[in-house]
Amino acid sequence: MKILEIDWQAFLQVLEYYRRLPYGARRFLVEKVSPSQAAPNAAMDQWREPLLESGIMIAGPQGKNAQVDRRFQSFVRVIRAMGRNRIFRVPTRESFHVFVSEHFEGPEITAFSGVGHQYYYYRDYAAVQGLFSRVCAAAWVKGFLEAEDPHWETPYQAAGSSPYFSSAAVLHAAQALIQKLVPGAVPVPLAQLPGMCPELRLDVLGAAMRAGFRYLLFYPCLLGEGLEPGLGLWPAAARKLSTEIPRPPEPVTVSHPFHSPFLVDDMTAVLSACAVAPPRLRVNDEAIFEADQRNLEAGVGTLPEWIEKAFHFNPANRIAIALDFLRHHQFLEQKGRRERAMHMEITELGTDWLRLGGKERLKAVLDGLRSQLKDRSSPVGYQSVSLVPNAGRMSLGRHVEQVASALRRVFKGIEAGVFVRLRDFLAYHRDRDNPFATIHRDEPYGSVVVAGRSVSQPSSDELDEAWEEQLADFLQLRLVPLGGAKAGADGDGAICFALTDAGKYLLDAADDFQLGQESQGRIVLQPNCDVVFLAPSAKAESEIARFSERLGRHVGTLFKVTKPSILAAAASGLKAQQVLNTLREYCGADLPANVEREIVGWFGQFRRVTMVPAMLIHCPDAETATRVISAAGGRVTRLTDTTLEWHEQKPQPALLKKLREMGIFLRER
């Protein structure tokens with residue numbers, strides 16, 4: 001070590017001088033005072049006298065400046081280093097790298113590998129990242145707490161260096177100190193350590209601190225606005241060590257549970273909109289134009305506000321997910337050339353899918369996800385839409401099948417219809433059944449995505465965090481949107497979920513499922529064609545939105561059946577009887593006779609015509625047109641006496657030669 005290689009017993013004794021300083025004087029000392037250089041009086045201003053009175057600084061020979069007393073230079077150097085340590089404010093690999101680069105030599109970093117003493121330059125990023133993976137995890141601290149003698153440090157001791165745990169007393173003192181730090185999981189002031197560990201002599205406590213810093217068991221820092229010197233464990237390791245061993249999640253009772261396969265409803269709404277007015281795509285990035293994007297977002301049904309907030313289901317995200325699934329299933333395809341207008345157009349497969357009933361549409365999507373693990377010709381990791389959301393979380397795609405199998409095992413163990421708290425579920429499974437840990441043992445140089453960033457040489461805690469994110473993503477991006485799970489909140493507002501029959505079907509734990517039915521009689525169709533919702537109903541919204549104009553959201557007058565909306569529905573493939581049956585299903589009463597007549601009449605006005613490009617041949621007179629027909633035969637049709645339609649893309653060279661022999665020359669325009 002460099003800066004931290006001091007007598008910590010002496011540091012604790014000098015600490016009282018520092019603690020007598022006003023907060024402003026402490027800040028000036030930490031930020032402005034160099035341990036080996038004099039500070040002019042003008043720069044010290046109001047803090048000169050407090051610093052001189054503390055004894056840490058002494059006046060210069062002529063009284064024009066002041067400097068740190070030689071006896072306390074190492075103390076000030078350490079205090080300033082504590083102020084630079086950002087680990088407890090931003091506990092990242094970058095802040096760890098800065099700390100290690102400042103305090104450790106290359107051989108010390110290499111020694112942590114435990115496999116030899118090959119020298120690394122002390123700023124070598126890869127070496128420090130490997131060190132992070134080893135020591136910034138609860139397992140590192142646990143391993144030390146289980147040590148029985150000072151020989152614990154031997155594998156990590158730099159070549160030619162003296163041991164830091166010089167006796168069993170120093171080892172046990174460091175273990176006792178860690179045990180005192182674990183319960184609060186936050187750094188504690190150094191001044192409190194003698195009181196927290198009254199059984200330890202001050203010299204033994206100082207030696208334990210020095211050894212703990214050397215092996216990164218805990219870290220020094222300055223706490224709060226008062227810049228109080230303190231020390232603590234690595235934050236993530238401290239949190240993990242301070243919590244009890246998670247127990248299996250227990251059943252809970254929730255109020256107003258939410259259950260809807262709204263992803264399928266969103267796909268239906270997007271496809272229906274594309275059948276009427278295909279959304280345009282920008283040439284530069286092939287994204288949907290903003291105006292068309294807003295139209296698509298306006299067409300999706302509403303969700304309870306707490307669902308949107310808890311699972312981040314805003315309209316833009318829902319449209320993005322729906323488009324991913326539609327493209328994956330080839331229900332939508334891109335049309336047009338880059339130099340001309342591009343758009344998304346519904347395919348024949350998409351039209352066929354729209355004609356299916358609600359359960360059949362959902363089942364088709366679920367079957368597509370289920371089949372990926374059975375079709376070995378197309379690995380899961382290379383699918384645009386995978387059973388495993390964010391399938392690129394591991395750097396090696398061939399392991400995604402292993403992750404998918406682990407997801408199925410975990411969620412299949414949940415009893416259908418029984419609500420559990422999401423936080424309890426994640427806490428129990430994050431460090432068990434973890435496929436990332438197994439993958440990392442087989443591929444130690446692979447990477448994993450944690451909190452949105454790729455991490456090479458991940459620590460055990462980072463692997464647990466990645467698995468926890470994967471479990472949450474599977475619930476958020478697969479089970480809940482596809483009706484595979486119900487969501488709810490307990491009395492304290494904690495998010496809960498329960499598996500449904502559709503979820504069991506997706507996990508290959510059931511051969512079929514029943515689509516949940518919502519209560520009827522919650523919607524009124526008025527004679528003026530307004531559709532009034534007496535209570536929220538996501539499923540009803542998605543169905544009625546296919547043939548109505550939206551006027552509002554949640555409850556009240558949400559839709560109006562109009563002639564343009566009916567004609568658009570007819571263009572998407574709906575029939576009059578389907579619309580009437582949907583209205584009868586959700587209204588739970590006879591429909592107004594005038595509305596029924598209007599709907600049938602508007603559907604009767606729908607016609608589909610075909611527009612195709614045509615090539616026309618203009619002849620100077622009827623006699624010439626007759627000669628062209630005699631040469632071309634059935635490939636042309638006479639439209640007028642002098643105008644012919646050519647059926648093929650362009651005349652063939654043999655025909656052009658035959659016409660020239662007849663004295664007829666073709667000129668393209």
Side-chain angles (χ1 to χ4, degrees), residues 1-92 94-104 181 184 186-196 202-203 205-206 209-210 212-213 218-232 235:
M1 286 194 299
K2 292 179 279 188
I3 298 176
L4 301 180
E5 189 69 37
I6 65 169
D7 181 350
W8 283 93
Q9 178 184 359
F11 183 95
L12 293 174
Q13 293 170 339
V14 178
L15 184 58
E16 283 304 314
Y17 300 158
Y18 173 83
R19 300 187 74 231
R20 294 173 191 160
L21 291 172
Y23 292 160
R26 295 184 189 181
R27 185 168 297 280
F28 181 82
L29 181 67
V30 170
E31 296 179 354
K32 304 296 185 182
V33 176
S34 173
S36 58
Q37 294 181 1
N41 292 340
M44 298 179 68
D45 195 24
Q46 60 180 320
W47 307 122
R48 183 178 186 275
E49 292 305 320
L51 287 167
L52 293 177
E53 291 175 1
S54 71
I56 295 177
M57 297 188 71
I58 57 177
Q62 299 179 359
K64 295 181 179 180
N65 53 33
Q67 61 187 11
V68 177
D69 190 313
R70 289 180 179 274
R71 296 173 300 167
F72 305 138
Q73 284 183 354
S74 61
F75 175 88
V76 174
R77 191 173 292 111
V78 170
I79 285 288
R80 286 167 57 83
M82 288 181 175
R84 292 190 296 270
N85 179 16
R86 302 175 66 247
I87 283 177
F88 294 101
R89 285 175 286 173
V90 188
T92 63
E94 285 70 25
S95 61
F96 176 82
H97 184 274
V98 171
F99 178 84
V100 170
S101 298
E102 182 176 15
H103 294 288
F104 286 81
L181 295 173
V186 293
V188 300
L190 291 181
Q192 296 181 9
L193 295 185
M196 294 173 60
L202 199 60
D203 60 329
L205 178 60
M209 291 172 58
R210 176 172 167 268
F213 293 142
F218 36 71
Y219 304 81
C221 64
L222 292 182
L223 302 173
E225 294 296 324
L227 303 181
E228 181 72 26
L231 85 164

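Note that these values count all heavy atoms, side chains included, but never hydrogens, waters or copies made by symmetry.
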Y18 and G226 have their tightest heavy-atom pair at OH-O, 4.5 Å
**OP:** Please report the C-alpha distance between W47 and L29 in whole Å, then the side-chain angles of each, then the deciding distance to 0.1 Å, and finally whether the side-chain contact (heavy atoms from CB on, under 4.5 Å) criterion is met.
**Re:** CA-CA 9 Å; W47 307 122; L29 181 67; over 6 Å; no
Heavy-atom closest pair (L202 atom, P194 atom, distance to 0.1 Å) is CD1-CG, 4.2 Å
- Query: Are P229 and V78 close enough that some pair of their side-chain heavy atoms sits under 4.5 Å apart?
  - Reply: no
Task: Side chain proximity check, H97 to S101, heavy atoms < 4.5 angstrom - done: yes
Sequence neighbours excluded, the answer for salt bridge (charged side-chain N to carboxylate O under 4.0 Å, His left out) partners of E49 is none
For atom CD of Q37, decide whether the heavy atoms of other residues, nucleotides or ligands shown that lie under 6.0 angstrom number more than 12. no
All heavy atoms of L51 vs all of A25, minimum pair found to be CD2-O, 4.1 Å
Those residues at least two apart in sequence (or on a different chain) that pass side-chain contact (heavy atoms from CB on, under 4.5 Å) with P220 are L4, M82, F99, F213
### Message
Ring centres under 6.0 Å, that's the criterion: do Y17 and F72 meet it?
### Response
yes
Is the shortest distance from a Lys or Arg side-chain nitrogen in E102 or K2 to a carboxylate oxygen in the other one below 4.0 Å? no
Given the rule in the side-chain contact (heavy atoms from CB on, under 4.5 Å) test, do R80 and E31 qualify, once you have shown the distances and angles that lead to the verdict?
CA-CA 7 Å; R80 286 167 57 83; E31 296 179 354; 5.8 Å; no
### Task
Identify whether the distance between the nearest side-chain nitrogen and carboxylate oxygen of E53 and R20 falls below 4.0 Å.
no
Taken in chain and number order and not counting sequence neighbours, the residues that satisfy side-chain contact (heavy atoms from CB on, under 4.5 Å) with Q67 are A38, I58
Are R86 and E94 ion-paired here, with the side-chain N under 4.0 Å from a carboxylate O?
-> no
Nearest heavy-atom contact between V188 and L193 is CG2-CD2, 3.9 Å
Output for pair (M57 CE, R48 CZ), nearest 0.5 Å, gives 9.0 Å
Note: L223 and P187 closest approach over all heavy atoms is CD2-CB, 3.6 Å
Nearest heavy-atom approach of P35 to V76 is CG-CG1, 4.1 Å
Review point. Looking at side-chain heavy atoms only, is the closest gap between K32 and R27 below 4.5 Å?
Key: no
Within the structure provided, determine whether L227 and Y23 are in side-chain contact (heavy-atom separation under 4.5 Å). no
For this session: Evaluate the criterion side-chain contact (heavy atoms from CB on, under 4.5 Å) for residue pair F11 and I79; output intermediate values, then yes/no.
Result: CA-CA 10 Å; F11 183 95; I79 285 288; 3.9 Å; yes
Quiz item: Does N85 use its side chain to pair, donor to acceptor, with the backbone of Y219 at less than 3.5 Å?
Solution: no
So CG of L21 and CZ of F28: to nearest 0.5 Å the spacing works out to 11.5 Å
**Request:** Please assess I6 against M209 for the test side-chain contact (heavy atoms from CB on, under 4.5 Å), listing each intermediate value before the final yes or no.
**Result:** CA-CA 10 Å; I6 65 169; M209 291 172 58; over 6 Å; no
Output for pair (D7 CG, R210 CZ), nearest 0.5 Å, gives 9.0 Å
*Non-hydrogen side-chain atoms of F75 and L15 separated by less than 4.5 Å*: yes
